[in-house]
Every structure is written in C-alpha cells, then in structure tokens.
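Because the structure is a prediction, the values reported are computed rather than measured.
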Amino acid sequence: EQAFFVRRIIWASLLASTFIYLFILRTIPQPPAPENGTVMLIALAVVALMCAIASFVVPRIVGRGGLRGLGLRVVPAPSFGDLPGGTTVFEDAASARQRGLGVLQTSFILALALREAIAIYGLVLGFQGHPLPEYIGFFVVAWLLMGLGYPTQAADDAELEAAYGAKLV
C-alpha cells in the first residue's frame, strides 16, 4: 500500500543517514582523543538512554491521544462470531485504518527521530576525538531500535486497537 511505501522510504532514509554519519567519521580526520572525555561520554550515554526510552513512550502517548481524537466508531461484536462476548470492534475497519494513517505516521517519524538522535550522539563523540570503541555503541543501539521500528500493518493495527480497546475485523 502507498502509505507503507512512503513510511518505508522514510525509514530507509533515516537509517541510511546513520550509516552516512559513520562513514563521515571514518573518512574525515578527527582531533586527538580528549583528555577528560569521560564526562561527555557519560552525559551523552545518559541522554541516549533517555531518547531510547522516549522513542517508545512519547510516540505511543502522542499516537493514542491523536487516534482517540479521531472519534472512530466502535460497536459490540456480533454474538455469533468467534470473538469472546463483550468484545468491541471498529464499525468500519478499513475506514479506521485509513483515518488513522496521519496520526500513525506522525508517531512513527517521532520514534525514528528519537532513535536517530542516538547515532547523532555517536557522531558528536567522534567529532570530539573519541575513539571508535567509545562511539560505535551509539550507532549500534540506534540501528537496533530503528530495526524494531520497521513499519508494518500489524503495528498500526495494534496501535489502533490499543487506543480504542476494540478489534479490527
């Protein structure tokens, strides 16, 4: 689908940018290692940890609030289906998915930006003269987190269902 094609281009572009950052660090001469770089290393590691946590929490809060604001209609599930009693479903699952795209894309970009920031902290350390073993971890963490954020319909559906406590059927 077009929406996922666009999101996958965004995902691949932001992921590729982190590899470009690393390439730049490895090809441009860097200053000598700082004498007391431990403080900066620890400070950026703490901020990177905060960004990693925020990359899960903030988009979820923003996304669910935005999805709820759409006012999508949910109804009780038919009693003859294979869903347990008391289950609610979206009145029009296709419409719910379509209307949720903008909110879900915003949450997606927010998560990726917070994850890319972690690689940028590694870039900063490298430009300050920190050696590869001190900054490569920032890139690896960013890559792992960005890998977790690969856009899928299942992830979008899970967010819609969680926001409304209803099933997409």
Practice problem: Using the test salt bridge (charged side-chain N to carboxylate O under 4.0 Å, His left out), find all partners of Arg73 that sit at least two apart in sequence or belong to another chain. | Solution: Glu91

Quiz item: Between Gln30 and Ile28, is there a donor-acceptor pair closer than 3.5 Å when you use the side chain of the first and the backbone of the second?
Solution: yes

Exercise. Provide the closest heavy-atom pair for Leu25 versus Tyr135 in the form atom of the first, atom of the second, distance.
Key: CD1-CE1, 3.6 Å

Quiz item: Are any of the side-chain heavy atoms of Tyr150 and Leu15 separated by less than 4.5 Å?
Solution: no

Self-check item: Exam field: side chain Arg68 to backbone Ala163, donor-acceptor pair closer than 3.5 Å
Solution: yes

Quiz item: Taking the six-membered ring for Trp, are Phe19 and Trp143 parallel (under 30°), tilted (30 to 60°) or perpendicular (over 60°)?
Solution: parallel

Quiz item: Is it true that a side-chain atom of Thr88 and a backbone atom of Gly165 form a donor plus acceptor pair closer than 3.5 Å?
Solution: yes

Exercise. Would you mind telling me which of Leu44, Thr18, Leu22 makes a side chain to side chain contact (heavy atoms under 4.5 Å, CB included) with Phe138?
Key: Leu44

Quiz item: Can you name the nearest heavy-atom pair linking Tyr164 to Gly71, along with the distance?
Solution: OH-N, 3.2 Å

Quiz item: Once you round to the nearest 0.5 Å, how far does CG of Leu114 lie from CG of Leu145?
Solution: 10.0 Å

Quiz item: Got a donor-acceptor contact below 3.5 angstrom from the Trp11 side chain to the Met146 backbone?
Solution: yes

Quiz item: Please walk me through it: do Leu49 and Val141 pass side chain to side chain contact (heavy atoms under 4.5 Å, CB included)?
Solution: CA-CA 10 Å; Leu49 176 63; Val141 168; over 6 Å; no

Quiz item: What is the minimum heavy-atom distance between Ser107 and Val62, and which atoms define it?
Solution: OG-C, 4.3 Å

Quiz item: Where the side chain of Tyr121 meets the backbone of Val47, is there a donor-acceptor pair that is under 3.5 Å apart?
Solution: no

Self-check item: Residue among Val46, Leu125, Asn36 satisfying side chain to side chain contact (heavy atoms under 4.5 Å, CB included) with Leu41
Solution: Leu125

Quiz item: Any side-chain heavy atom of Leu144 sitting closer than 4.5 Å to one from Leu148?
Solution: no

Practice problem: First locate atom CG of Asp157, then atom CD of Glu161, and finally report the distance between them rounded to the nearest 0.5 Å. | Solution: 6.0 Å

Quiz item: Heavy-atom distance under 4.5 Å between the side chains of Asp156 and Arg7, does that happen here?
Solution: yes

Quiz prompt | Considering all heavy atoms, the nearest Pro34-Gln128 contact | solution = CD-O, 3.4 Å

Quiz item: Excluding sequence neighbours, so at least two apart, what forms salt bridge (charged side-chain N to carboxylate O under 4.0 Å, His left out) with Glu134?
Solution: none

Self-check item: Within-4.5 Å side-chain heavy-atom neighbours: Glu159 and Phe108
Solution: no

Exercise. Tell me whether Leu67 is reachable from Leu168 by hopping between hydrophobic residues (I, L, V, M, F, W, Y) whose side-chain heavy atoms are closer than 4.5 Å.
Key: yes

